[in-house]
Amino acid sequence: MARYNFRETETTWQKRWEDARVFEAQVDPARPKYYVLEMFPYPSGRIHMGHVRNYTLGDVVARHRRALGFNVLHPMGWDAFGLPAENAARDQKIHPAKWTYDNIANMRGELKRMGLSIDWSKELATCHPGYYAAQQKLFLDFFEAGLVHRKEAFVNWDPVDQTVLANEQVIDGKGWRSGAPVEKKKLSQWFFKITEYAEDLLAALGTLDRWPEKVRLMQDNWIGKSSGAYVRFALAGRADRVEVFTTRPDTLFGASFLALSADHPLSAELAKSNPALADFVAECQRAGTSAAVIEQLEKKGFDTGLKAKHPFLADVELPVWIANFVLVDYGTGAIFGCPAHDQRDFDFATKYGLAIRTVVSPDGDKAFKVGAEPYVGPGTIVNSGFLDGLDVEEAKKRVGEKLKADGNGESTTIWRLRDWLISRQRYWGCPIPVVHCDSCGVVPVPASELPVKLPDDVSFEKPGNPLDHHPTWKHVGCPKCGKPARRETDTCDTFVDSSWYFARFCSPRAAEPVTRTAGDYWLPVDQYVGGVEHAILHLLYSRFFMRAMTRTGHGKIDEPFAGLFTQGMVCHESYKSAEGKWLYPEEIERKADGSVVETATGRPVTVGRREVMSKSKKNVVAPARIIDEYGADTARLFMLSDSPPERDLEWSEAGVDGAYRFIQRLWRDVTEPDVPFAAKGASRPATLDPKADAALRAVHKTIAGVSENLENFRFNVAVAQIRTLANTLGELDAKGAGADWVRRFGYETLVKLVGPMVPHVAEAMWAELGHAAMLCHEPWPKADPALLVDESVTLAVQVNGKLRGTITIARDAAEQAAKDAALGVPNVQTAMAGKPPRKIVVVPNKIVNIVV
RNA sequence: GCCCCAGUGGCGAAACGGUAGACGCGGCAGACUCAAAAUCUGUUGCCCGCAAGGGCAUGUUGGUUCAAGUCCGACCUGGGGCACCA
């Protein structure tokens with residue numbers, strides 16, 4: 001028995017696809033397009049199982065769509081800038097470019113061995129000057145359109161990576177990459193004005209109906225629209241006023257204090273003349289973002305001694321405090337406290353003995369008083385002058401109007417979303433194309449002088465930005481006046497690179513970032529596939545970029561990704577040796593009694609729970625090894641079987657074995673059938689043996705089922721249906737009329753259906769079935785609607801909702817016929833125990849329920 | 001604390017409100033073999049019963065319905081996101 005030789009077959013077909021340039025896409029306005037994209041990888045050097053899953057899912061979509069007749073664009077590239085290359089340069093004395101391109105070469109080889117239907121002619125790497133030149137052009141266009149600005153602000157400084165970070169890149173007060181507690185620094189930096197699109201980015205979430213609800217929700221929260229009012233409080237004995245933001249203007253009559261952030265300008269001013277206050281401010285600042293998380297329970301404040309005048313009550317003055325729980329970044333960095341109707345204000349007021357004035361009553365009872373807890377729900381306003389008797393919502397409106405009329409504030413909307421800080425003090429990134437001139441200020445580099453290339457001769461010995469240390473690079477003449485000036489030494493956040501690569505793929509070698517011919521044809525991406533970890537950062541930035549590109553004439557749409565699928569992660573058990581060291585899965589052995597030991601020492605191993613594969617826990621399986629041992633088709637099939645793609649997948653050797661066996665079995669079924677197939681191209685016989693007829697119907701039902709399940713990303717169910725069909729066809733050993741024809745038709749269809757999943761063996765089987773043309777050119781099979789319904793159907797018969805038997809009757813039989821048949825089942829009669837039916841529910845072709 | 005998502009055999013999982021457990025993994029029994037591997041066949045939710053059949057089963061608990069894994073309410077557990085956002 002000839003076993004299927006995956007090694008030989010997989011390389012053969014990969015070469016044939018490549019030679020025939022099957023997957024190279026051309027703009028063709030006459031054909032419907034479909035753009036399939038998976039999130040491009042960072043070139044770390046090796047692909048991991050997460051990549052295998054991601055690219056397998058995308059490839060199934062791409063191959064399926066191609067078979068359906070779409071003009072498919074399915075490209076691949078490299079998110080190639082970033083700090084690891086600089087770390088490698090420092091630690092291993094390899095130039096970042098060499099390190100990166102070597103890694104790309106290796107990973108490209110590994111990806112190619114997966115047999116993906118990728119148009120490699122469109123490959124790009126963001127570190128290539130051809131790519132970043134185009135990015136610099138976009139920067140200049142955005143700059144001109146007023147979407148880029150430089151401003152001094154408190155920024156997040158990562159002391160380990162020696163660079164600033166965007167708000168989105170600070171997680172729990174730590175740098176997303178280094179994990180080091182982030183420090184606040186006041187620096188002059190470059191920003192993209194993403195906030196200009198806040199309203200639009202939020203509103204348009206509603207149009208993204210092919211995005212997961214979860215991701216839309218996360219973006220909604222991140223953008224953080226908040227309606228309320230500004231209130232300006234006059235200060236006793238001072239000319240300036242303190243502006244606060246509140247979402248509860250209706251509770252203004254319940255205000256009992258003002259609180260400023262330690263970083264508020266007024267706090268800084270007061271600190272100059274008050275050492276105790278200065279100490280408190282310093283303490284708050286020291287606590288920083290990270291420590292604040294730990295100490296968040298403890299609210300602390302300092303009474304400045306200043307008094308603020310209540311805007312509506314001439315005789316009321318409120319103490320002004322500095323409080324550690326007030327954020328400088330949100331709203332105005334100052335609040336008014338209404339302890340009766342806010343938990344934090346309540347805690348603070350309780351601690352410092354400040355007044356608690358009830359102004360909202362849940363039931364309208366004027367005598368209602370807040371007790372041990374604040375009341376934050378809806379209700380009727382009380383003790384509030386002109387607001388008394390109004391409900392909360394109406395009161396908010398009235399306060400806004402009154403504030404405005406008096407010049408003391410107004411209703412407003414604020415956002416949590418900040419402008420996107422893109423400056424990074426690193427070498428391995430896209431240089432920001434501007435020059436600083438003492439006479440002319442900030443001068444953009446003329447487009448004709450792009451790209452501003454990174455210098456090759458850099459040193460990574462000193463900490464800090466290598467571009468800044470470079471002896472000559474930054475010295476340049478001012479493009480405007482020609483006098484000596486300095487290049488900007490900041491480079492772009494690498495998230496900038498990945499915010500538009502999907503557009504660059506449309507015309508990857510064009511002089512402009514994307515040609516309108518290609519971009520307008522291919523964009524938006526019809527199906528984007530990737531991990532949910534990019535739900536905010538990458539996806540939000542890309543949505544901004546697409547808008548900015550459209551505004552600057554580089555496109556015509558706002559939303560870059562029409563469909564988004566977020567896949568689950570790949571998990572594995574972890575293993576710890578007796579010494580407490582992590583072990584790789586191949587370093588352990590499972591004994592017959594189920595115990596697990598370390599192969600090298602024979603000593604017992606602690607088996608940890610299954611969790612996301614990570615290098616640090618060594619619970620990883622290298623895709624290259626699996627492809628060597630089992631082949632790419634097996635790895636792909638395993639990724640698709642069993643677990644729904646959106647859920648986490650547990651890696652298991654047994655599962656891989658199962659996938660491998662199925663491929664071997666299909667090969668045998670097709671190449672060495674027990675009973676022969678009809679000749680290729682034979683026409684369908686007029687009559688079919690009943691078994692053959694049933695099998696033919698099963699084939700058509702499978703076409704319908706697999707097609708629908710592929711559309712809906714239910715690949716695991718599609719695989720199950722294909723296996724079921726394989727079982728059905730395997731059992732069709734009838735020699736009756738037409739059976740040989742059904743066998744050929746069945747297996748040819750089966751091969752087409754598995755094509756997107758296991759493309760190599762499918763091509764090989766297609767050739768074995770006598771076809772000279774490649775399977776990847778075959779159209780997707782169509783189900784015959786007439787064969788999707790059976791002539792007779794089996795109905796469940798229930799008595800009082802309990803199953804007591806089944807009946808088989810003609811499809812769409814009359815209701816009475818179904819009732820009669822059901823009542824005729826002996827077991828049904830027994831269950832009825834002689835009682836007459838009170839009611840008989842008949843659902844045609846489904847069920848009969850007899851109620852007694 | 002707030003907001004999502006998920007709980008179904010030994011395991012991964014299926015199931016337009018209509019025969020729960022498709023498909024697979026694992027197990028058990030058998031065939032082939034000197035033997036093993038590979039392959040093939042049968043069997044496999046739990047309990048009672050020789051059998052026919054019956055009872056119990058989709059995290060817990062109420063409800064809606066002729067009928068609930070599926071819809072609604074409360075709760076428990078696990079995972080994820082946000083979090084002093086005024």
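So that the names make sense, note that chain A is the first sequence line, chain B the second, and so on, each numbered from 1. FYI, side chains are in, hydrogens and waters are out, and symmetry mates aren't considered; it's all heavy atoms of this structure.
- Using a 4.0 Å heavy-atom criterion, one finds that A:Val797 contacts no nucleic acid atom at all.
- Among the atoms of the strands shown, only primed sugar atoms or phosphate atoms (P, OP1, OP2) are found under 4.0 Å from some heavy atom of A:Asn827.
- Taking the six-membered ring for Trp and thresholds of 30 and 60 degrees, A:Phe257 and A:Phe348 have ring planes inclined between 30 and 60 degrees apart.
- A:Leu327 comes within 4.0 angstrom of a nucleotide base, judged by non-hydrogen atoms across all strands.
- For A:Asn716 and B:A22, the shortest distance from a side-chain N or O to OP1 or OP2 is not below 4.0 Å.
- The side chain of A:Lys839 lies closest to B:C66 when the candidates are B:C66, B:C84, B:C23.
- Regarding contacts with the backbone of B:G24, a side-chain N or O of A:Asn727 is found under 4.0 angstrom from either OP1 or OP2.
- Here the P atom of nucleotide B:G81 and the CG atom of A:Leu540 are 17 Å apart, to the nearest Å.
- For B:U41, the paired nucleotide is B:A29, the pair qualifying as Watson-Crick or G-U wobble because both relevant distances are below 3.5 Å.
- The A:Phe325 side chain lies nearest to B:C84 when the options are B:A14, B:G24, B:C84.
- Between A:Ser641 and B:G12 there is no side-chain N or O to OP1 or OP2 distance below 4.0 Å.
- Separating the C1' atom of B:A68 from that of B:G80 is a span of 28 Å, rounded to the nearest Å.
- Side-chain proximity of A:Arg661 to B:A86, B:C25, B:G12: nearest is B:C25.
- The separation of B:C16 from B:G30, taken at their C1' atoms, amounts to 42 Å, rounded to a whole angstrom.
- The pair A:Arg665-A:Asp669 meets the salt-bridge criterion, since a charged nitrogen lies less than 4.0 angstrom from a carboxylate oxygen.
- With B:A86, B:A14, B:C66 as the candidates, the nucleotide lying closest to the side chain of A:Thr246 is B:A86.
- Residue A:Gln798 is classed as a base contact, given a heavy-atom separation below 4.0 Å to a base.
- Residue contacts for A:Val843: at a heavy-atom cut-off of 4.0 Å it reaches a base atom on one of the strands shown.
- In this structure, CZ of A:Arg804 is placed 19 Å from P of B:C66, rounded to the nearest angstrom.
- For the P atoms, the distance from B:A57 to B:G62 is 12 Å, rounded to whole Å.
- Across all strands shown, B:A36 forms no Watson-Crick or G-U wobble pair with both key distances under 3.5 Å.
- Atom CG of A:Asn709 is separated from atom P of B:C23 by 15 Å (rounded to the nearest Å).
- For B:G9, the base adopts the syn conformation, since its glycosidic angle falls within 90 degrees of zero.
- Annotation for A:Lys397: atom NZ does not count as buried by contact number, only 12 or fewer foreign heavy atoms lying within 6.0 Å.
- More than 12 heavy-atom neighbours from other residues, nucleotides or ligands sit within 6.0 angstrom of NZ on A:Lys819.
- Comparing the same atom, C1', in B:U58 and in B:G7 gives a spacing of 9 Å after rounding to whole Å.
- The nearest heavy atom of RNA chain B to A:Asp657 and to A:Asn849 marks one nucleotide each, and the one closer to the 5' end goes with A:Asp657.
- For the C1' atoms, the distance from B:A15 to B:G69 is 9 Å, rounded to whole Å.
- Nucleotides B:U64 and B:U70 place their P atoms 15 Å apart, quoted to the nearest Å.
- When the C1' atom is used for both B:G78 and B:U60, the distance is 15 Å, rounded to whole Å.
- Contact annotation: A:Arg665 does not reach the phosphate of B:A38 (side-chain N/O to OP1 or OP2, under 4.0 Å).
- A:Arg647 has its CZ atom 14 Å from the P atom of B:C11, to the nearest Å.
- Residue contacts shown for A:Thr794 include a base, since a base heavy atom lies under 4.0 Å away.
- Between the CD atom of A:Glu573 and the C1' atom of B:C11 there is a distance of 12 Å, rounded to whole Å.
- In this structure, B:G78 forms a base pair with B:C5, meeting either the Watson-Crick or the G-U wobble geometry with both donor-acceptor distances under 3.5 Å.
- With B:A83, B:A13, B:G18 as the candidates, the nucleotide lying closest to the side chain of A:Arg416 is B:A83.
- Pair check for B:A86 finds none; no Watson-Crick or G-U wobble contact set falls under 3.5 Å.
- If you measure from atom CD of A:Glu672 to atom P of B:U39, you get 14 Å, rounded to the nearest angstrom.
- Remark: B:G73 base-pairs with B:U61. Criterion, Watson-Crick or G-U wobble with two distances under 3.5 Å.
- A salt bridge links A:Asp790 to A:Lys701: at least one charged side-chain nitrogen sits closer than 4.0 Å to a carboxylate oxygen.
- For a distance-only test at 3.5 Å, the side chain of A:Lys214 fails to qualify as a donor-acceptor partner of the base of B:C5.
- Each of A:Glu731 and A:Thr724 was matched to the nucleotide of RNA chain B holding its nearest heavy atom; the match closer to the 5' end belongs to A:Thr724.
- At a threshold of 4.0 Å, the pair A:Glu708-A:Arg714 does not count as salt-bridged, since none of the basic side-chain nitrogens sits closer than that to a carboxylate oxygen.
- Counted within 6.0 Å of CG on A:Asp674, heavy atoms from surrounding residues, nucleotides or ligands total 12 or fewer; the atom is thus considered open.
- Here the P atom of nucleotide B:G24 and the CZ atom of A:Arg714 are 18 Å apart, to the nearest Å.
- Salt bridge status for A:Glu410 with A:Arg232: present, with a side-chain N to carboxylate O gap under 4.0 Å.
- Contact annotation for A:Thr806: base contact, defined as any heavy-atom pair under 4.0 Å involving a base atom.
- Under a 3.5 Å cut-off, the side chain of A:Arg357 and the backbone N or O of A:Ala340 do not form any donor-acceptor pair.
- B:U8 and B:U77: their C1' atoms are spaced 15 Å apart (whole Å).
- Base pairing annotation: B:G18 forms a Watson-Crick or G-U wobble pair with B:C66, both donor-acceptor distances under 3.5 Å.
- Under the Watson-Crick and G-U wobble criteria, each requiring two contacts below 3.5 Å, nucleotide B:C11 is paired to B:G24.
- In this structure, CD1 of A:Ile840 is placed 15 Å from P of B:C66, rounded to the nearest angstrom.
- Considering only side-chain N and O atoms, A:Lys802 lies under 4.0 angstrom from the phosphate OP1 or OP2 of B:C56.
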